Amino acid sequence: KSFLLKTSEKAATRTTMYLRWMVSALESKLLADALCSILFSDLDLPETREESQDDTFVLRTTLIRRIDSMNEQLSLQTLLLFDELLSLHNHRILVNLVVRNMIPCKHIVEDPLPKKRLNDSFGFTLIFDNNPGALRNEEIASQQRYVEDAQQEAVVMMQELEMWMEARSENIVSDWTFYEGLFMEVLLNRLENMFDQSLECNIALTGLISRLALCPQPELHAFLLDRALPVADGVRTLPSVMADLVHRAQTRALRIPDF
């Protein structure tokens, strides 16, 4: 743990990079599960802001907060680390970072999402199958491979999450105020600052968000992809942040001659 909690930004960047390499080399599911348990524990109840102040979870909190570091190299290496961790398709990571905060639907003010089986939730990846004219002929084969890869990854995630979802379905917390969770909070913060970051960092950030969008969980899908989701005041979603970015980009473009 002390190895990962280095306070020097240079040392923290280096150790984060080493951890990412170690994660990428993992082939044993048992070892991956043990590592995820060490990094994120077994928390599965909805997250509170006080959780990040608890010394018990200092490793988790430190790693997540480094995504929003002012040191861009440290932020970049941490984004790449979490992308590698999510590629393990381990339910501990998915549940701990995002899914546990979406299940109660406390951020939705009306029309609760219909209950769906997990394998109904990633049909959006078929959009180009149904609209081949949306692409030029030479792009169709490449897009088809992308869709097939996305579907395969979603199926693996579904298998990891389904047992957990069934166990949690009758144990929903009722007296909880919605909090997107520290992980989603720092991702959205970073996204809001996209115009002030390097291209390399933005590519890593959007790649990580894209991997999250593959998670076959209806509430998370809605949070990330549904522009019409009726949310409570003050709740940020990915579409709301993207809409603000588009508005700011259009405003900046007006100030650029002959843009």
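Heads up: numbering here begins at 1 and tracks the sequence. In this text, all values refer to a predicted model and were calculated from it rather than measured experimentally.
Listed by chain and number, the hydrophobic cluster partners of Leu80 are Leu76, where partners are ILVMFWY side chains within reach of under 4.5 Å, directly or through others. Taking Ile, Leu, Val, Met, Phe, Trp and Tyr as hydrophobic and joining them when side-chain heavy atoms fall under 4.5 Å apart, one finds Val246 isolated, its cluster having no other members. The hydrophobic cluster containing Leu199, built from Ile/Leu/Val/Met/Phe/Trp/Tyr side-chain heavy atoms closer than 4.5 Å, also comprises Ile203.
Pro230 is listed as a side-chain neighbour of Ile108, based on a closest heavy-atom distance under 4.5 Å. A heavy-atom distance below 4.5 Å is not found between the side chains of Ile93 and Phe82. Residues Gln73 and Lys10 have side chains not in contact (no heavy-atom distance under 4.5 Å, counting atoms from C-beta outward). Side-chain contact check for Ser210 versus Leu214: every heavy-atom pair is 4.5 Å or farther apart. Within the 4.5 Å cutoff, side-chain heavy atoms of Leu208 are placed close to those of Phe183. No side-chain heavy atom of Met242 sits under 4.5 Å from any side-chain heavy atom of Pro239.
Leu19 and Val186 fall within the same hydrophobic cluster, where Ile, Leu, Val, Met, Phe, Trp and Tyr residues are linked whenever their side-chain heavy atoms come under 4.5 Å apart, directly or through other members. Under the 4.5 Å side-chain contact rule for hydrophobic residues, Leu74 and Leu81 do not share a cluster. Both Leu39 and Ile67 are assigned to one and the same hydrophobic cluster, defined by single-linkage of ILVMFWY side chains at heavy-atom distances under 4.5 Å.
Considering only residues two or more places apart in sequence or on other chains, Arg248 meets the side-chain contact (heavy atoms from CB on, under 4.5 Å) condition with Glu192, Phe195, Asp244, Leu245. Shown here are the side-chain contact (heavy atoms from CB on, under 4.5 Å) partners of Ala232, two or more places apart in sequence or in another chain: Val109, Val235. Considering only residues two or more places apart in sequence or on other chains, Asn193 meets the side-chain contact (heavy atoms from CB on, under 4.5 Å) condition with Gln197. Residues meeting the ring-ring contact (aromatic ring centres under 6.0 Å, His included) test with Phe178, sequence neighbours left out: His107, Trp176. Under the salt bridge (Lys or Arg N to Asp or Glu O under 4.0 Å) criterion, Arg65 pairs with no residue at all, not counting sequence neighbours. By the salt bridge (Lys or Arg N to Asp or Glu O under 4.0 Å) test, Arg60 is found to be paired with Glu47, Glu51, residues two or more places apart in sequence or in another chain being considered. Residues satisfying the side-chain contact (heavy atoms from CB on, under 4.5 Å) criterion with Thr62, sequence neighbours excluded, are Leu5, Val58, Arg66.
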Exercise. Is there a side chain to side chain contact (heavy atoms under 4.5 Å, CB included) between Leu85 and Asn90 once you walk through the steps?
Worked result: CA-CA 8 Å; Leu85 286 165; Asn90 184 281; over 6 Å; no
For this session: Quick one: do Glu185 and Arg236 satisfy side chain to side chain contact (heavy atoms under 4.5 Å, CB included)? Show the steps, please.
Result: CA-CA 9 Å; Glu185 178 184 353; Arg236 294 182 303 175; 3.8 Å; yes
For this session: Go through the steps for Leu97 and Leu212 under the test side chain to side chain contact (heavy atoms under 4.5 Å, CB included), then give the verdict.
Result: CA-CA 10 Å; Leu97 294 179; Leu212 276 178; over 6 Å; no
For this session: Run the numbers on Leu220 and Met184 for side chain to side chain contact (heavy atoms under 4.5 Å, CB included), then give the verdict.
Result: CA-CA 11 Å; Leu220 178 58; Met184 192 62 70; 4.3 Å; yes
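Of the possible polar contacts, none joining the Thr237 side chain to the Leu224 backbone as a donor-acceptor pair under 3.5 Å is found. Side-chain atoms of Ser37 never come within 3.5 Å of backbone atoms of Ala34 as a donor-acceptor pair (strictly under, hydrogens ignored). Between the side chain of Arg190 and the backbone N or O of Ser69 there is at least one donor-acceptor pair closer than 3.5 Å. Remark: the backbone N or O of Trp21 is paired with a side-chain donor or acceptor of Ser24 at under 3.5 angstrom.
Other residues, nucleotides and ligands contribute more than 12 heavy atoms inside 6.0 Å of the CD atom of Glu72.
In this structure, OG1 on Thr78 lies 10.5 Å from CG on Asp68, to the nearest 0.5 angstrom. Considering CG of Leu187 and OG1 of Thr206, their distance stands at 11.0 Å, rounded to 0.5 Å. Note that the CG atom of Asn96 and the NE2 atom of His91 stand 10.5 Å from one another [nearest 0.5 Å]. Note: His221 NE2 to Leu229 CG = 13.5 Å, rounded to the nearest 0.5 Å. For the atom pair Thr48 OG1 and Leu182 CG, the distance stands at 11.0 Å (nearest 0.5 Å). We find the CG-OG1 distance between Leu63 and Thr15 to be 8.5 Å, quoted to the nearest 0.5 Å.
Sorted by first and then second residue, the pairs that involve residues 204-218 and meet salt bridge (charged side-chain N to carboxylate O under 4.0 Å, His left out), not counting sequence neighbours, are Asp83-Arg211, Glu153-Arg211. Residue pairs meeting the ring pair (Phe, Tyr, Trp, His ring centres under 6.0 Å) criterion with at least one partner in residues 40-70, sequence neighbours excluded, do not occur; the list is empty.
Among all heavy-atom pairs drawn from Cys36 and Leu88, the shortest one is SG-CD1, 4.1 Å.
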